[in-house]
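Everything below concerns the one structure shown next.
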Amino acid sequence: MAPIAISPEPQPAVSNSATHSLSSVTTTYDDTLRFYLNGTRVVLDDIDPEITLLEYLRGIGLTGTKLGCAEGGCGACTVVVSQYNPTTKKIYHASVNACLAPLVSVDGKHVITIEGIGNVKKPHPTQERIAKSNGSQCGFCTPGIVMSLYALLRNDSSPSEHAVEEAFDGNLCRCTGYRPILDAAQTFSAEKSCGKAKANGGGGCCMENGGGSGGCCKGNGFKDDQPIKRFTPPGFIEYNPDTELIFPPALTKYSFKPLAFGNKRKRWYRPVTMEQLLEIKSVYPSAKIIGGSTETQIEIKFKAMQYTASVFVGDIPELRQFSFKADHLEIGGNVILTDLESIALKAVEHYGPVRGQVFAAVYKQLRYFAGRQIRNVGTPAGNLATASPISDLNPVFVASNAILVAKSLDKETEIPMSQFFKGYRMTALPPDAIIASIRIPVTSEKGEFFQAYKQSKRKDDDIAIVNAAFRMSLNTSNTVESVDLVYGGMAPTTVAAKTANAYLVGKSFTDPATLEGAMNALEQGFDLRFGVPGGMATYRKSLALGFFYRFYHEVLSKLEVREVDIDTEVVPEIERVISTGKEDTDSTIAYQQNILGKANPHVAALKQTCGEAQYTDDIPVQKNELFGCLVLSTKARAQILSVDYSPAMELPGVVQWVDHTDMPSPEANWWGAPVCDEVFFAVNEVFTAGQPIGIILADSAQHAAAGARAVKVDYEELPAIFTIEEAIEKESYFEHYRYIKKGDTEEAFKNSDHVFTGVARMGGQEHFYLETNACVAVPKPEDGEMEIYSSTQNPTETQAYVAQVCDVAANKVVSKVKRLGGGFGGKETRSIQLTGIVALAAKRTGRPVRCMLNRDEDMVTSGQRHPFLARWKVGVNKDGKLQALDADVFCNGGWSQDLSAAVVDRSLSHSDGCYLIPSVHVRGRICKTNTMSNTAFRGFGGPQGMFIAESYMEEIADRLDIPVEKLREINFYKPLEETHFNQSLKDWHVPIMYKQVQDESKYAERREAITKFNATHKWKKRGLALIPTKFGISFTALFLNQAGALVHIYHDGSVLVAHGGTEMGQGLHTKMTMIAAEALGVPLSDVYISETATNTVANTSSTAASASSDLNGYAIFNACAQINSRLAPYREKFGKDAPMKKLASAAYFDRVNLSANGFYKTPDIGYTWGPNEGQMFFYFTQGVSAAEVEVDTLTGDWTCLRADIKMDIGRSINPSIDYGQIEGAFVQGMGLFTTEESLWFRGGPMKGQLATRGPGAYKIPGFRDIPQEFNVSMLKGVQWENLQTIQRSRGVGEPPLFMGSAVFFAIRDSLKAARKQYGVEAEIGVNSKDDGLLRFESPATPERIRTSCVDPIVKRAFVKPMEGEKSFFIAIC
């Protein structure tokens, strides 16, 4: 979010005092940029010094490269930059984040974008295989993923399976669950693409047959006259590396010239020699040195930093060299981190594994250092100069006693790394000096040990919570001679554990007292307070102790000493194997038709993989178009004292300020769904940080952002509420109150053998669709007409509110949606806020207006999944049969109601899980707080309700000492039994699937193996869970269960379909074209859906509730049936197999209508709250999942070893689409319950604001977070006698999400084993509040996992808050 403090007055790019000398130094510098783009030479003389490569590419129309986060964390902007690498002396094809790369950085290089490698008519094999393997759903992330794979193949045409899996560590996808992308990519791996491989019908690849010790024979001197046939999977284009874009010959002899260009506000310099760089620094020491720009661009974009003079040093060969010396390795300061990886491995080989220990540690830290795109440009000098307290490399440099060589024009200075960091983001580097090189000493041949560690929220591409590097030197009698224990994340700088270091010197390392003394010294040295900046005091302290404990025993194990108790099991860390998975491809054979029931790729998949699919911000800019940037509140609750936008109006390019005073009436400023209780623009008071106050319009997005930062808002802060507990205490609720009551719970409790109580807590979740909210509003010259292009799931509501703010009737507004880059419910209502504002701006100016939110803005304005808290009470008998449930359920609605009422209602209806409970009384309230307004998110309260159910099942099982799998089975509904809202369960298959999953996954055998594993492993624990789901399908608002469709048949027999649903990656258009093609008897290729628009299908419901295929599919079928009845005489005349072209032509000449308007409304439903009458849902989608995890209890690190999912989705319309939905939902659900945690700042200048913004702070699962073995199947072999949907299919978008909770409950299972070994268990049969029952909250972050353990290390690390002391962050759950 752009800060709204006034920007500094524009200053000259270079101060007057330095102008003359700097000018004399750079007078011979060139001002022309020359590079190649997709094989074509580009020469730029007029260069905007502030433009990034992404902005340039999109500005010239290459919109396949996307903007997803602007901080290099999602990979959507990935391009390939090919260049001669002065370190390796080879051409290297680097995957690069175009959103961070300065345009100046591509001089003399070849930039390759998604458009440059292929198109729909002639795709590159990477594009085709990902498309056909169902690796693209919404498609917004896809071009970046394709380019990461393309870069890998350009550098190694036969990569290993590990290299393939590692290639995507800088890319994120929110839709697919990653499995199909990896499957497609692995077809290029040496193992999978070898014609000799057993999987490909051969006798065995050399690596399969044990001959691969030196790698694949293809890369091992195999003679060209005896080639091994590269295996190409059936139906795919053959990959031939010889046909790739060549590296332009002109660039092989390109002479790099020093560059200087810019304007009065900013100047760029690109020296090409060390001397040139030092000359610039000597005359202008404050010039910003930029290597990879991985941090600088974030400072410019999000912190409004202004660097008037920047010096790009990425093209200075002297800074990118390395050399092996007798006692040290010297690396140039600007060696890229990718090269440092290979240099580290070469160093280990050169010096040997003992002397090379430090280099093994460097390599280990780099493996999980950011993503490949960052490592391809980031440098050790940049890492050191930014002085990040959580840098992964800096502790290694300090612990190894490395020497930093700083050079200025007149001298060279050697700075010991132990003296380099002076304070937070402060170093000892002289102002006129640069980091020329780093000298890393080798480890001693005898008696010296070196190791490095890191723990973060997510394994790949994540900043450390705590990291460390340890060096220890022992003499022959194992006495400590010297030691360096160095940590990151424990202080404002990389810091040595001085107390522990001093204690250890002179101690006998093998004496157990030494370990205890060192741990005590670490405790004293890192005496963190509870409210320490960054939070997690107990966890960080436990990591500091745990890392040393692990190191101590690793060293002991290498000493081979006797009579010492070595904890060898603590040494290994969790490592993943290459992930695999399978789908049951035969699940639909029994009911396949000509088209329906068959696997077909997403209709737009190839367009998406080729970068040709158009999203909202890809629409070409129109003449006279303006760009908008929102001015958002920075206070959670405050009176607005004044808004001064006059400074913004003085800035270049700024055109207009728009706020609530521009509304046609005060009433027009109000909106909401369904309750109209919030405003487009704040009036007098703000109720959440991120609430729009106004919008700046300018001639470019950059000028608009600068203008928004210049707007000054004065506030008077008011008390704010954040958590559910605070809201309950202050009785801050919305009016909505609902309950479901069945039976007599009080009587049931009296008659129950046991009554247990508990609290279930569950945090929210950010949607993190890859395409942020975007809108283009185009005013028309007549009658107040307006055309709206919006990334929304709800075109009709968009139309209605645009009409309101523009003061016209709805028939003057056309709302259009081509596709969304993901939605997940987040664009069901919250998209309307931006669209209404942009439409008003367009109306006000009479010019087209465009606005695409950056990731920060989107996250603070768009709302999240609702956090929930439930206080439950359950009656149960000794045999495990549930008797009664009473629960108060609270959700955090945020500052306005939005869809919170329907969300809490659905949670109540799902609070029974899959279990028959005779007496139920559940009540739901919405807490009114000062967070952003929480909204719809895939599952819509269902996952929260089911989480409550599974939480009380887990705790009851512990209290009764019954296996929870058995407790679930005892209480399952039986067919036709009624839920607590009196709905009979028809086509009920959960018990069948529960058994099938256990049998197919060998659950019982694995449970036994896990019990044995946990008994023999002290620090590693495994857990297993088996979770069922039933998810009700229908909008709970009755009127929304309707849909319309329009079908046209043209003369040539082609079919155009329009319906009310929007395509957001879920494959809705694919399924709808299949339904139309099957109904009309035409080839699938003859049916087309152009867009969703309110002038073709009116009064649509939002695309949500997993009901869109049911509703729109039947509406299309209805329309097709009308046309078929009109065509019946012609089919009789020309034959039933006559082509549609012939039928349509004949019908047209007979003046027969070839268009039809279809309609459908869901029958039988209509529930009444209170009386508990009527049918709430049309049917239930069901499923069962099993998950197995391994947890490192010393650190809280974990991995999912295996997941098995089985879903009952009826008769699948398209199994490819449905498997994609299941896998994607599972991984999204896994993220909800594990890695994804939202935090708010409690105090400081950002008090009340969301802290976890963007991919750097908010962690969705990545490629290497998915289950290592990921198996998915659909229920088959049953009859769906009562299912009255199209094709007898079930909705599949939302139901599988809760299956991801199996990972959470498997982690809980592992933690029970960890606690049990220390005697901490639930007290049997007693409803105690102070026993060893594990009360585990969601999400299961590494911090929560670790602090749920009870071992002596975490106990001694426990940090107790002082009286009145609060945590640094607010966790809202």
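Since the model is a prediction, treat every value here as computed from it, not as a measurement.
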Indicate whether any N or O donor in one side chain lies under 3.5 Å from an N or O acceptor in the other, for [X] and [Y].
X	Y	result
Gln1221	Tyr1219	no
Ser136	Thr142	yes
Tyr239	Glu244	yes
Asp1052	Ser1054	yes
Asn38	Thr113	yes
Arg129	Thr187	yes
Gln593	Gln1287	yes
Thr1100	Thr796	yes
His1059	His1069	yes
Thr835	Ser790	yes
Gln1122	Asn1118	yes
Ser1106	Glu1294	yes
Ser791	Glu771	yes
His1051	Ser1145	no

Strictly below 4.0 Å, N to O, side chains only: are [X] and [Y] in salt-bridge contact?
X	Y	result
Asp618	Arg58	yes
Arg847	Glu625	no
Lys812	Glu785	no
Arg1131	Asp1137	no

Heavy-atom donor-acceptor pair, [X] side chain to [Y] backbone, under 3.5 Å:
X	Y	answer
Gln793	Ala1104	no
Thr1092	Gly1061	yes
Asp1150	Ala1147	no

(request) Can you sort out the partners of Tyr1088 under side chain to side chain contact (heavy atoms under 4.5 Å, CB included), two or more places apart, ordered by chain and number? (result)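 Here the qualifying residues are Lys818, Leu1056, Ser1090.
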
(message) Quick one, Lys816 with Glu1091, criterion salt bridge (Lys or Arg N to Asp or Glu O under 4.0 Å). Give me CA distance, side-chain angles, the key distance, then yes/no.
(response) CA-CA 7 Å; Lys816 295 186 174 184; Glu1091 62 186 2; 3.8 Å; yes

(message) If the test is salt bridge (charged side-chain N to carboxylate O under 4.0 Å, His left out), which one of Lys598, Lys1071, Arg1211 qualifies with Asp1218?
(response)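 Going through Lys598, Lys1071, Arg1211 one by one, the salt bridge (charged side-chain N to carboxylate O under 4.0 Å, His left out) with Asp1218 is satisfied by Lys1071 alone.
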
(request) Would you kindly check if the NZ (Lys) or CZ (Arg) of Lys827 is within the cone defined by 45 degrees around the ring axis of Tyr769 and under 6.0 Å from the six-membered ring centre? (result)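 Yes, Lys827 and Tyr769 form such a contact.
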
(request) Could you point out which residue of Gln1066, Lys607, Glu1063, Gln137 forms a side chain to side chain donor-acceptor pair (under 3.5 Å) with His602? (result)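 Of Gln1066, Lys607, Glu1063, Gln137, side chain to side chain donor-acceptor pair (under 3.5 Å) with His602 is met by Glu1063 alone.
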
(request) Test Tyr1179 against every option in Asp1110, Thr1285, Asp987 by the side chain to side chain donor-acceptor pair (under 3.5 Å) rule and name the one that passes. (result)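 Testing each of Asp1110, Thr1285, Asp987 against Tyr1179, the sole residue satisfying side chain to side chain donor-acceptor pair (under 3.5 Å) is Asp1110.
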
Once you round to the nearest 0.5 Å, how far does [atom1] of [X] lie from [atom2] of [Y]?
X	Y	atom1	atom2	answer
Asn600	Ile1217	CG	CD1	8.5 Å
Lys1276	Tyr591	NZ	OH	10.0 Å
Gln127	Ile145	CD	CD1	13.0 Å
Leu1084	Asn594	CG	CG	10.0 Å

(message) Given Ser1289, which partner from the list Ile1213, Leu1283, Thr1181 fulfils the side chain to side chain contact (heavy atoms under 4.5 Å, CB included) test?
(response)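 The side chain to side chain contact (heavy atoms under 4.5 Å, CB included) with Ser1289 is passed solely by Ile1213 among Ile1213, Leu1283, Thr1181.
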
Take a 6.0 Å sphere around [atom1] of [X] and say whether it holds more than 12 heavy atoms from other residues, nucleotides or ligands.
X	atom1	answer
Lys1141	NZ	no
Asn1099	CG	no
Tyr1148	OH	no

(request) Could you please spell out the steps behind the side chain to side chain contact (heavy atoms under 4.5 Å, CB included) verdict for Asn1112 and Ile1075? (result) CA-CA 10 Å; Asn1112 295 289; Ile1075 288 169; over 6 Å; no

(message) Is the ring pair Phe1117/Tyr1114 parallel, tilted or perpendicular, if the boundaries are 30 and 60 degrees?
(response)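 Phe1117 vs Tyr1114 ring planes: perpendicular.
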
(message) Let's go through Tyr1130 and Glu1132 carefully: what are the C-alpha distance in whole Å and the side-chain angles of both, what is the deciding distance for side chain to side chain donor-acceptor pair (under 3.5 Å) to 0.1 Å, and is it a yes or a no?
(response) CA-CA 5 Å; Tyr1130 301 95; Glu1132 190 173 331; over 6 Å; no

(request) Kindly determine whether Leu67 and Asp617 satisfy side chain to side chain contact (heavy atoms under 4.5 Å, CB included), including the steps that lead there. (result) CA-CA 9 Å; Leu67 175 64; Asp617 197 48; over 6 Å; no

